[in-house]
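For clarity, every value in this text was computed on a predicted model and none was experimentally measured. Below, read A as the first sequence line, B as the second, and so on, with proteins coming before strands; counting in each chain starts at 1.
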Amino acid sequence: MLKRTHSCGELTAEHLGREVVLNGWVNAYRDFGGVVFIDLRDRAGLTQVVFEPEAGTQLQEAAQSLRNEWVIGVRGTVRRRLPGKENPKLQTGEIELQATELEVFNATQTPPFEIDGEANEELRLKYRFLDLRRPEMHRIVEIRHRLAQTMRRTMTELGFWEVETPILGRSTPEGARDFLVPSRIHPGHFYALPQSPQLYKQLLMVAGMDRYFQIARCFRDEDLRANRQPEFTQLDIEMSFVQFEDVLATMEGLVKALSREFTGEELSTPLPRLDYHEAMERFGTDRPDLRFGMELIDLGDLAAQTEFKVFKDTIEHGRRVRGICAPGAAEKYSRKDLDALTSFAGDYGAKGLVWLKVEAEQFTGPTAKFLSPEVQAAFRERFGAKPGDLLLIVADTKDVTSAALSALRHRLGRELKLYDPKSFHYSWVVRFPLFSWDAEEGRYVAEHHPFTMPLPEDLHLLESEPLKVRAQAYDLVINGEEAAGGTIRCHDPAIQSTIFRHLGLSPEEAEEKFGFLLSALRFGAPPHGGIAFGLDRMVMLYAGLDNIRDVIPFPKTAKGTDLMTGAPGTVEEKQLRELHIRQR
RNA sequence: GGGGAUGUAGCUCAAUUGGUUAGAGCACCGGCCUGUCACGCCGGAGGUUGCGGGUUCGAGCCCCGUCAUCCUCGCCA
């Protein structure tokens, strides 16, 4: 085998006259009948190889038979390109390799798509091993590598130990649907793949491991999205003898290291913080994109005074009238565009969208005639609106106005280019509610997870008004994406049992499902808390991408299938028998 | 579970209002060419228009169903 002495990305004028061997894939061939050029590609780059007739007929003919994506080894001499023939687009553009020997390792079938061309995603996923040859995919995989390495290095510097936890665990109530693995040895019993290493990491704290981290694979059997896969990766972290502030401060050290590595920017800490309730009120979401303003404005008091029935009725029913002011958007959105925005708001439950174009004297729009000059003036002042602005108003429940306006704000922010898409904004959203109410199941559900510690100042409400209790919970939000989330854990058995009761878990059920953790918490559990970063989403952010499949080497489709391997697939009857499984 | 988009040559796309033999570029095969780097030139091969049914004198185009992929609401502590 012609074994390489250098990569295809490193030869320069420094190597002139040296005899070297390169290995790689044929990226392009240019056959002039006499002289033949090959661009040879490996992970490091491209190098031009020249085959000249003077080197012999046999080599010449071999070179002329080369095709794209063949895998070859070439021996030759590094020489300077002819004057004026340098290629400044290549790192190696000053030189070329004058070939003396060629070995074909593998002649390829015609690839189903061109490696440096475009192909639809379905085909790319079916032939992922070819798709991953593309330099863009190499760039992403390298970012992923650097992210993991920066995390490992920084966590180690901060005194954390990397510890592995089981993949085969047990199914616990609460949270997402589990992926189940049937037990062969125990008929009718199942393992569950972890939704996160949550319980194990708390046990590690009880075990005195003090500071733990893991780059952990997590599994959730829920429907997929552009930024959601059934298996994904988290940087999972837990620390002992800490309070709320300690976790945030420590994690800011990590965030600073990441920012330094990926954007070169030195973040100033502490990072901005936003209360959950304030975020919901000002932005309608618990993960606002703070790279631009356009905050949600409450119009309830003004709406009640108008002659517009929709507004009046909404307020009389105790609901909300809120809106946003899109700067300079009045001219940019046609009637058709506004219909599209109305339908878009409808996706989030809004039954309508009131739009008003702000002109020098008055508002225009179908609803303008219901608003007196006084009300219009008050709106204008409340929004800080200027002529040319577009007001978008939703009248509905708090939840619907939040969801619809937050989505509109996000969409318009992007369409109106209110921020630099390459910029980064980091902030904490803190003090989430401990519970929310699940109307379908008629019970409280944990907003984060069942082992979260309430805020000390809200403890007196835990019995009487659980929905008003806030948790010691925190999310790291980057550019409107939830990049990380965590809590201080409950290590007080009395509080924990009250929480279980609200969740509809009897002491017996709690013991049955979480006995091992409850037991551990009674055996000398230190105050502890932690957080988990969504590694895939962070790769997306730093790679500038908006699709999670692009940052996972072998991802699943939106229906959860793997187009390359065909998973999930059927199995032999014998396998099912061994697992004591009969198909319905 | 609901809503929406897409599906034509190996790839990326085109095909007027339903009308002749479904085209182009790239890739592939053959030929020519000694300085290209998206090499160029000449020639060739390549099609179940996702699949099934229907309407029609006639369907890539219209209708019904179905499959796949994507986006999205619900869902995702």
Side-chain angles (χ1 to χ4, degrees), chain A residues 27-40 46-55 60 63-65 67-69 81-90 92-93 96 98 108-127 130 172-178 195-196 198-199 218-230 232 340 343-350 400 403-404 407 432-436 438 440 444-452 471 473 482 485-487 499 503 532 534 546-547 549 556-561 563:
Chain A
N27 197 63
Y29 65 94
R30 295 177 291 278
D31 178 359
F32 288 84
V35 67
V36 176
F37 296 97
I38 299 290
D39 291 338
L40 196 62
L46 289 177
T47 301
Q48 174 165 283
V49 181
V50 191
F51 296 87
E52 290 174 321
E54 294 75 10
Q60 183 70 6
Q64 286 179 321
S65 71
R67 291 295 178 269
N68 289 338
E69 299 308 314
R81 291 194 182 194
L82 297 178
K85 302 292 184 185
E86 301 84 2
N87 185 346
K89 283 186 283 188
L90 295 183
T92 60
E96 63 193 6
Q98 183 182 19
T108 183
Q109 290 181 16
T110 301
F113 56 88
E114 292 169 58
I115 303 304
D116 60 355
E118 302 218 330
N120 73 49
E121 195 179 2
E122 200 174 341
L123 199 70
R124 288 174 50 202
L125 289 176
K126 181 172 178 188
Y127 297 96
L130 296 180
T172 53
E174 297 287 307
R177 193 178 293 117
D178 283 320
Q195 296 177 25
S196 79
Q198 181 62 41
L199 301 179
C218 306
F219 305 87
R220 295 178 189 176
D221 188 7
E222 299 291 347
D223 285 353
L224 287 73
R225 284 288 188 285
N227 63 356
R228 232 162 58 192
Q229 284 271 305
F232 60 98
S343 148
F344 179 72
D347 292 343
Y348 298 88
V400 168
F432 285 66
L434 188 64
F435 299 110
S436 55
D438 186 327
E440 213 170 287
Y444 298 107
V445 292
E447 183 73 20
H448 186 84
H449 69 69
F451 309 104
T452 300
E482 181 194 332
T487 63
I499 291 174
L503 294 176
D546 52 15
N547 188 318
R549 287 182 301 277
K556 305 286 189 288
T557 67
K559 287 255 175 68
T561 64
L563 294 178

(message) Expressed as a whole number of angstroms, how long is the span from Lys556(A):NZ to C70(B):C1'?
(response) 18 Å
(request) Would you kindly give the CG-to-C1' distance between Asp39(A) and C39(B), to the nearest whole Å? (result) 11 Å
(request) Provide the distance between the two P atoms, one in A15(B) and one in U34(B), to the nearest whole Å. (result) 42 Å
(message) Taking the nucleotide of RNA chain B with the nearest heavy atom to each, does Lys89(A) or Glu447(A) sit closer to the 5' end?
(response) Lys89(A)
(request) Report yes if at least one side-chain N or O of Lys126(A) is closer than 4.0 Å to OP1 or OP2 of U69(B); otherwise report no. (result) no
(request) Hey, can you tell me if His449(A) and Phe451(A) have their rings parallel, tilted or perpendicular (30° and 60° cut-offs)? (result) tilted
(message) I'd like to check the side chain to side chain contact (heavy atoms under 4.5 Å, CB included) partners of Ala55(A); sequence neighbours left out, ordered by chain and number.
(response) Leu59(A)
(request) Would you indicate whether the side-chain heavy atoms of Glu118(A) and Phe113(A) approach each other to under 4.5 Å? (result) no
(message) Partner lookup for G18(B), please. Criteria are Watson-Crick or G-U wobble with both distances under 3.5 angstrom; report none if nothing qualifies.
(response) none
(request) With heavy atoms under 4.0 Å as the rule, sort Thr561(A) into base, sugar-phosphate or nothing. (result) sugar-phosphate
(message) If stacking means aromatic ring centre less than 5.5 angstrom from the base's six-membered ring centre, planes under 30°, is Phe32(A) stacked on C33(B)?
(response) no
(request) Just name whichever nucleotide pairs with U6(B), Watson-Crick or G-U, keeping both distances under 3.5 Å, else none. (result) A68(B)
(request) For C39(B) versus G7(B), give the span between their P atoms, rounded off to a whole number of Å. (result) 30 Å
(message) Can you check the distance between C64(B) and G18(B), where both ends of the measurement are the P atom (answer in whole Å)?
(response) 16 Å
(message) At less than 3.5 Å, do the side-chain atoms of Glu96(A) and the base atoms of G35(B) form a donor-acceptor pair?
(response) yes
(request) Report which part of the nucleic acid Glu54(A) touches: base, sugar-phosphate, or nothing (heavy-atom distance under 4.0 Å, all strands). (result) base
(message) Expressed as a whole number of angstroms, how long is the span from Ile115(A):CD1 to A38(B):P?
(response) 18 Å
(request) Examine A27(B): is either OP1 or OP2 under 4.0 Å from a nitrogen or oxygen in the side chain of Thr110(A)? Give yes or no. (result) no
(request) Take nucleotides 4-14 of chain B nucleotide by nucleotide from the 5' end and write B, S or -, depending on whether a protein heavy atom sits under 4.0 Å from the base, only from the sugar-phosphate, or from neither. (result) ------BSS--
(message) By the 4.0 Å heavy-atom rule, please label Leu563(A) as base, sugar-phosphate, or nothing.
(response) sugar-phosphate
(request) Output yes when at least one side-chain N/O atom of Arg30(A) is less than 4.0 Å from OP1 or OP2 of C39(B), else no. (result) yes
(request) Write down the distance separating the C1' atoms in G58(B) and U21(B), rounded off to the nearest Å. (result) 15 Å
(request) For G53(B) and A38(B), measure between their C1' atoms and round to the nearest Å. (result) 46 Å
(request) Please work out if Arg549(A) contacts a base, only the sugar-phosphate, or nothing of the nucleic acid, heavy-atom cut-off 4.0 Å. (result) sugar-phosphate
(message) From CG of Leu224(A) over to C1' of G1(B), roughly how many Å is that when rounded to an integer?
(response) 16 Å
(message) Closer than 4.0 angstrom, basic N to acidic O: yes or no for Arg228(A) and Asp223(A)?
(response) no
(message) Donor-acceptor pair, distance only, cut-off 3.5 Å: does the side chain of Thr557(A) make one with the backbone of Leu563(A)?
(response) no
(request) Have a look at Gln48(A) and say if it touches a base, only the backbone sugar-phosphate, or nothing, with a 4.0 Å heavy-atom cut-off. (result) base
(request) Tell me which of Leu125(A) and His449(A) sits closer to the 5' end of RNA chain B, going by the nucleotide each one is nearest to. (result) Leu125(A)
(request) Indicate yes or no: at least one non-hydrogen side-chain atom of Arg30(A) is less than 4.5 angstrom from one of Gln48(A). (result) yes
(request) Taking atom P in both A45(B) and A22(B), compute the distance separating them and give it to the nearest angstrom. (result) 14 Å
(message) For a quick test of reading the model: is some side-chain N or O of Lys85(A) closer than 4.0 Å to OP1 or OP2 of U36(B)?
(response) yes
(request) Determine whether any donor atom in the side chain of Asp223(A) lies under 3.5 Å from an acceptor atom in the base of C75(B), or the reverse, and answer yes or no. (result) no
(request) Respond yes when some side-chain nitrogen or oxygen of Tyr29(A) is under 4.0 Å from OP1 or OP2 of C28(B), and no when none is. (result) yes
(request) Side-chain contact test, heavy atoms from C-beta onward, threshold under 4.5 Å: evaluate it for Tyr29(A) versus Asn68(A) and give yes or no. (result) yes
(request) Output the single nucleotide from C37(B), A68(B), G35(B) whose closest atom is nearest the side chain of Phe37(A). (result) G35(B)
(message) Which nucleotide, if any, forms a Watson-Crick or G-U wobble pair with G25(B), using both distances under 3.5 Å?
(response) C11(B)
(message) Tell me whether the side-chain N/O atoms of Arg67(A) come closer than 4.0 Å to OP1 or OP2 in A27(B).
(response) no
(message) Can you confirm whether Asp178(A) sits close enough to Asp221(A) that some side-chain heavy atom of one is under 4.5 Å from a side-chain heavy atom of the other?
(response) no
(request) Can you tell me the distance, in whole Å, between the CG atom of Asn87(A) and the C1' atom of C39(B)? (result) 13 Å
(request) For the pair Phe435(A) and Tyr444(A), name the ring-plane relationship: parallel under 30°, tilted 30 to 60°, perpendicular over 60°. (result) tilted
(request) Please work out if Asp347(A) contacts a base, only the sugar-phosphate, or nothing of the nucleic acid, heavy-atom cut-off 4.0 Å. (result) sugar-phosphate
(request) Return the value, rounded to whole Å, for the distance between atom CD of Glu69(A) and atom P of C28(B). (result) 10 Å
(request) I would like to know whether Glu69(A) and Ile115(A) meet side chain to side chain contact (heavy atoms under 4.5 Å, CB included); could you show each step before the answer? (result) CA-CA 8 Å; Glu69(A) 299 308 314; Ile115(A) 303 304; 3.2 Å; yes
(request) Determine the minimum heavy-atom distance between Ala63(A) and Val36(A), stating which atoms define it. (result) O-CG1, 4.1 Å
(message) Taking only the P atom of each, what is the distance from A24(B) to C63(B) in whole angstrom?
(response) 30 Å
(message) Can you measure Arg225(A) atom CZ to G2(B) atom C1' for me and round it to whole angstrom units?
(response) 11 Å
(request) Select one nucleotide: of C70(B), G35(B), A27(B), the one nearest the side-chain heavy atoms of Asn68(A). (result) A27(B)
(message) Under a 3.5 Å cut-off for both contacts, is A45(B) paired Watson-Crick or G-U wobble with anything, and if yes, with which nucleotide?
(response) none
(request) Using both distances under 3.5 Å as the test, list the Watson-Crick or G-U wobble partner of A38(B), or none. (result) none
(request) Have a look at Ser436(A) and say if it touches a base, only the backbone sugar-phosphate, or nothing, with a 4.0 Å heavy-atom cut-off. (result) nothing
(request) Send over the distance from Gln98(A) CD to U34(B) P, rounded to a whole Å. (result) 18 Å
(message) Looking at the base of C75(B), is there any donor atom on it, or on the side chain of Arg228(A), that sits under 3.5 Å from an acceptor on the other one?
(response) yes
(request) Give a yes/no answer on whether the side chain of Asn547(A) brings an N or O atom under 4.0 Å of OP1 or OP2 in C71(B). (result) yes
(request) Rounded to whole angstrom, note down the C1' distance from G46(B) over to G35(B). (result) 33 Å
(message) Mind checking if Asn227(A) touches a base, just sugar-phosphate, or nothing, with heavy atoms under 4.0 Å?
(response) nothing
(message) From the set C33(B), C76(B), G74(B), return the single nucleotide nearest to any side-chain atom of Asp31(A).
(response) C33(B)
(request) Tell me whether the OP1 or OP2 atom of U36(B) has a side-chain N or O from Arg81(A) closer than 4.0 Å. (result) no
(message) Looking at Glu222(A) and Arg177(A), is there a salt bridge between them, counting it only when a charged N and a carboxylate O are closer than 4.0 Å?
(response) yes
